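In this text the structure is predicted, and so the values were computed from the model without any measurement. Residue numbers start at 1 and run along the sequence shown.
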Amino acid sequence: MRFRNRFMALALAAATLAAGSAAAQAPKPARDLKAGTTSYRAAIAIGGQSVDVQLGQKIEDGAGGWTVTQTLTTPFGDTVDSAVLAKGSLALVSRSVTQAGVAMSYKVDGGKVTGELKLPDQTVPLALDVPSGGLVGDGPGMAAVVGTLPLADGYAATLQMVNPQAQKIAPVAMRVVGSERVEVPAGAFDAFKVAFESEMATGTLWIAKDTHAPLKSITSAQGAQVTAELLE
C-alpha cells in the first residue's frame, strides 16, 4: 500500500511539475506545435522497485487552440491530463487532471487563474494572478513546448506553472546543457540535452534537433524516478 500511495503521489507530481517563488518573463516559442499522437515506454522506480507504465500523448488542432492530452497508464489506475494551449504563444488557456480520487481543473482568463483541486476529503479553490507572458510550460506537453523553443547550446529560460498545493504560480528553470546522440526505441537521434530544476522535481529532457520532438526524459521527484523513451 505504501508503494501504491507513493506511486500515485509521484504521478500527480509529474502532472503538476512546479516549484519556486519568483516570477519571470515567459519564453517565446520559435515554432508552433504539430498535431499528432506519440507513445512512450516508461518506468517509475521507487524504493528499489520499478513498475513499467505507458505514456501516450495526443495533440489536436482546434479552433480554441491546441488541445494536448497525456494519459499515464499504470497498474494502479490512469492519470489523464488535458490542456488547451493558445496558438503561437503556447500559453495555457485551461487544464484538467483526473487521477484515482483526485481531480484538478483551472482556466486562465483576465490575468487570473481560477479553478479547484478536489481531494478525497476536501476541495481546495485556486485563485492566482498570472505573470506577464502567461503560463508557458504548464500542464501536459511540457516537453513538447520545450521543443518549440529556440534551443541552442547555453539557451536558458524559465517556465511558469501552477503549484496548487502551495497556491502560487511557480517557475521551473531550464537550460540546454549540451548535445548528445541518444538512442530510444524509435531510433537514434542527435538531440539537445535540456536540464530543468524546481523544488519539487528535477530532470533532463532530450529534444531531437531535426524534428524538435521529445525523445527521452528522466524526472526525479519525491524519492522516485520516472524514465520515458519515445516508441514511435
Side-chain angles (χ1 to χ4, degrees), residues 1-20 38-57 68 70-81 97-102 104 137-147 151 156-159 161-166 170-189 191-208 213-232:
M1 180 63 70
R2 178 179 295 180
F3 179 83
R4 180 184 186 279
N5 290 342
R6 291 183 66 195
F7 182 97
M8 298 306 289
L10 175 65
L12 185 59
T16 59
L17 177 65
T38 50
S39 299
Y40 293 84
R41 178 180 69 187
I44 299 182
I46 303 175
Q49 302 180 62
S50 181
V51 175
D52 292 332
V53 298
Q54 295 179 342
L55 178 64
Q57 177 176 279
V68 183
Q70 284 187 342
T71 302
L72 181 67
T73 303
T74 82
F76 309 117
D78 296 351
T79 298
V80 180
D81 192 351
V97 186
T98 58
Q99 174 204 38
V102 177
M104 178 175 65
D138 189 46
M142 185 267 269
V145 170
V146 170
L151 302 180
T158 301
L159 307 178
M161 302 182 181
V162 172
N163 186 338
Q165 290 83 4
V172 176
M174 55 149 287
R175 177 181 294 274
V176 176
V177 294
S179 298
E180 288 186 357
R181 183 75 172 174
V182 61
E183 293 189 12
V184 295
F189 303 85
F192 288 112
K193 184 178 181 181
V194 182
F196 62 89
E197 182 176 4
S198 69
E199 293 177 358
M200 191 172 179
T202 60
T204 306
L205 300 171
W206 285 263
I207 305 294
L215 302 170
K216 180 180 178 179
S217 65
I218 299 176
T219 304
S220 298
Q222 299 188 8
Q225 186 176 85
V226 183
T227 302
E229 297 180 327
L230 182 66
L231 285 173
E232 55 184 75

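A donor-acceptor pair under 3.5 Å links the side-chain atoms of Tyr40 to the main chain of Pro214, judged by distance alone.
Legend: residues meeting side chain to side chain contact (heavy atoms under 4.5 Å, CB included) with Val80, ordered by chain and number and at least two apart, are Thr69, Thr71, Thr98. Partners of Glu180 by salt bridge (charged side-chain N to carboxylate O under 4.0 Å, His left out), not counting sequence neighbours, listed by chain and number: Lys193. With sequence neighbours left out, Thr73 forms a side-chain hydrogen bond (donor to acceptor under 3.5 Å, both in side chains) with no residue at all.
Remark: Glu229 CD to Leu55 CG distance equals 12.0 Å, nearest 0.5 Å. Within the model, atoms CG of Asp81 and CE of Met142 stand 11.5 Å from one another, a figure rounded to the nearest 0.5 Å. Rounded to the nearest 0.5 Å, atoms CD (Glu197) and CZ (Arg175) are 11.0 Å apart.
Taking the side chain as every heavy atom from C-beta outward, Val226 and Val53 never approach each other to under 4.5 Å. By the 4.5 Å heavy-atom criterion applied to side chains, Ser179 and Phe192 are counted as neighbours. In this structure, the side chains of Thr74 and Thr79 stay at 4.5 Å or more apart for every pair of heavy atoms.
The nearest pair of heavy atoms linking Lys216 to Val182 is CD-CG2, 4.2 Å. Considering every non-hydrogen atom in both Leu151 and Val194, the closest pair reads CD1-CG2, 4.3 Å. Between Gly137 and Met161, the shortest heavy-atom contact is O-CE, 3.0 Å. Asp52 and Ala43 make their closest contact through OD1-CB, 3.9 Å (heavy atoms, listed as atom of the first residue, atom of the second, distance). Here the closest heavy-atom approach between residue Ala191 and residue Leu215 is recorded as CB-CD1, 3.8 Å. Minimum interatomic distance between Leu231 and Arg41 (heavy atoms only, all atoms of both residues): CG-N, 3.5 Å.
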Exercise. Between Leu159 and Val146, is a side-chain contact (heavy atoms from CB on, under 4.5 Å) present by the stated rule, with each step listed?
Worked result: CA-CA 9 Å; Leu159 307 178; Val146 170; 4.2 Å; yes
